[in-house]
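Okay, so here's the structure we're looking at.
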Amino acid sequence: MTCRTVAIIGGGPAGLAAARLIKLRSPDASVTVYERADSSTGTFGFGVGLTEATMRNVAAVDPDLAERMRSASHAGHNLVLRTDSEEVHLHGARNLAIGRAILLEVLADAAREVGVSIRMGARVDESELEADVIVAADGARSAVREKLQAELGVHVAYGALHYMWCGTDFAVENAHFTWRTRGDGLFVVHAYPYTDDRSTFLIEVDAHTWESARLAENHRQVAPGESDRRSLDLLEDVFSDELRGRPLLANRTRWAQFPTVSLDRWSAGNVVLLGDAAHTAHYTIGSGTKLALEDAISLADALGTHADVRAAFEAYEAARRPGVEKFKHLAARSQAWWSSFRDRSARRPEEIALSYMTRAGNIGVADYAREYPDNARIALAYLGDAPVHELERLDDWVLSRPLETDEFSAPSRIVKVVDLPETTVRRWQWTGGDAWNAEHDAAVEELRGAAERILVLGGDGTAASVGARIDIAERVRWAGRHTVVVEMPATARSEAASAVAARRVDAAILTD
C-alpha cells in the first residue's frame, strides 16, 4: 500500500489483530493502536468463544498467531441443556474459549513483536489524528461511528431482553444453558468454561422479569462505572445451586440491552470501521470475536493489495459484507428465539433442544439426529417413530407425516393452495423484517384474531423473509386457534422440515 501511517482506535480483538496483520502484510507501514483503557486487565467481559472455522482462517494468514491463541485457550467443550432432573446434549466439543483479557494480551504481544506501537490510556478523536488510514475498532458503542453517522448511514436497534455478563471462580463442567423461576420471573443463564478455574456466566431476563423482579429499579440506582450489586445478590440466590454457593464475579457488571448495529457504508474518507464498530451479531450465536478477527484479516489483505485507500476500503467491504450479513441473519433469528424463551420453557427438554438447534435455519433435523439420534427421536415422537438413523430420508419423513387439524386434513405437510378450503383461508404477506419486534405485535394479534381458521403466510423467497414468516407462524400457533401454512421456495425444503419438526408451522407450500 502507498499509505505509510495507520492509526487504529480501539485495542480490542479487532484492532489488535488488524494492527499485527497490517504490519505483517506491509512492513514499512507505521501502525499505532490507541486504547483508552490503561491495561488489558481492565477489559470488560470474561470469556469469549473461538470457532474452529475462525482458527483456520487465522492460521491461513498467520499460523504463529493462531497457535498462540490456541495454546492460551480452553479446550473444546460440549453444550448441554440442563433442567432440574436431566441434561440433554445439544452439540459436541466444537469450540474453544479464551479469557478476553488473555486474548488481548496474546494479540498485544504479537502486535508489538512486529513493530506496532500500542498506546494505553489514550483517548483520541479521529479528527485529531494525522494518518493515511484511520481504523475505527472502538466497539459496539463506537464514538467514531457516532461522529460519522450521517456519512455512514447508521442503524441501531436494541433487543428486548436485558442481559448481564458475569463470571465464576470455577470451571463449569460443560457449556450449558438452564433457567430458574422466582415468582413469575424467569432467569436464563448461558455458562461456559474459559480457563481451568473460570467460567462465563451470562444471565438474561425478559421484559416481564425486568419489572416484576425490580431489576429496572436496581439498574437506575447503579452509579457509572459500578457493578449492580443488588441484582448480583438476587442472581446469586436464584442460581445458588449452579454457583455451588459461590459469588458471581463482576467487573463493572450491569444490565444492558444488546445493540444490533448496521451501517449503509463501512467507511468515510480515510476512516474505515471493523468489528463491532461496523456491525454486531447477537452473542447467542457466538460470532462477535469471529467476525472481528475475520474483518481484520480482510482489511489487512485489502490494504496490502490496493495502493489507493478508497479502493482498499471498497474491496474490504465487498469481501466481508456478504458473510457478515449472513451471520447477522442467523444471529437475529437466534436472538428472537431467546427473546421468546418464556413461551418455550414448559416443553419437553428434547423438544426445546431440537427447536434450539434449528432456530436459525442453518442446522436441520438430520444434522441434530446425526449427533444425538435418541434426543431427536423423542422430540419427533408427536409425528411418529422417526427414522433417526436414516439421515438421508429424515426430512422427507417429517414432511410426509399426515396433517390432521379441526380445519383441514392432508396426506402430508407439503400442501398446495388449491387443496385448501377457500372459504376458511386467509392469505397474508410478510416480506423481510424481524418477526418479533414490538412493532409487529399488532400484526401477530391481528392474525391470532382472524376469523378464518387457516392462515397462509406468503412473501418473497429471501432467507430473511422466509425465516421471518416461520417465526410469525410460530407466534400465531402458540395461541392454538389456527392452522398455519408458510410459503417458501422449494430450495428451502430442509428448513420446511425443521419448521414442522420443531412445531413452528403446521405445513408448507413449496414454490418454484
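Of the candidates Thr83, Leu81, Val188, Val189, Thr178 forms a side chain to side chain contact (heavy atoms under 4.5 Å, CB included) with just one, namely Val189. Evaluated for a side chain to side chain contact (heavy atoms under 4.5 Å, CB included) with Met164, the options Val205, Leu202, Leu232 yield exactly one hit, Leu232.
Around atom CZ of Phe327, no more than 12 heavy atoms belonging to other residues, nucleotides or ligands sit under 6.0 Å away. Residue-environment remark: CD (Glu217) exceeds the threshold of 12 foreign heavy atoms within 6.0 Å.
Annotation: side-chain hydrogen bond (donor to acceptor under 3.5 Å, both in side chains) contacts of Thr209 (sequence neighbours excluded): Asp206, Arg342. Residues that satisfy the side-chain hydrogen bond (donor to acceptor under 3.5 Å, both in side chains) test with Thr289, not counting sequence neighbours, are absent from this structure.
Among residue pairs with one or both ends in residues 182-196, those qualifying as salt bridge (charged side-chain N to carboxylate O under 4.0 Å, His left out) are Arg182-Asp237; sequence neighbours excluded.
The ring of His74 has its center no closer than 6.0 angstrom to the ring center of Tyr194. Annotation: Phe258 is in aromatic contact with Tyr283 [ring centroid separation under 6.0 Å]. Taking the six-membered ring for Trp, Trp338 and Tyr163 have ring centres at least 6.0 Å apart.
Shortest non-hydrogen contact noted between Trp430 and Arg469 is O-NH1, 3.3 Å. The heavy-atom pair separating Glu350 from Asn375 by the smallest distance is CB-O, 3.7 Å. Heavy-atom minimum distance, Ala17 versus Leu293: CB-CD2, 3.7 Å. Here the closest heavy-atom approach between residue Ala473 and residue Val484 is recorded as CB-CG1, 3.5 Å.
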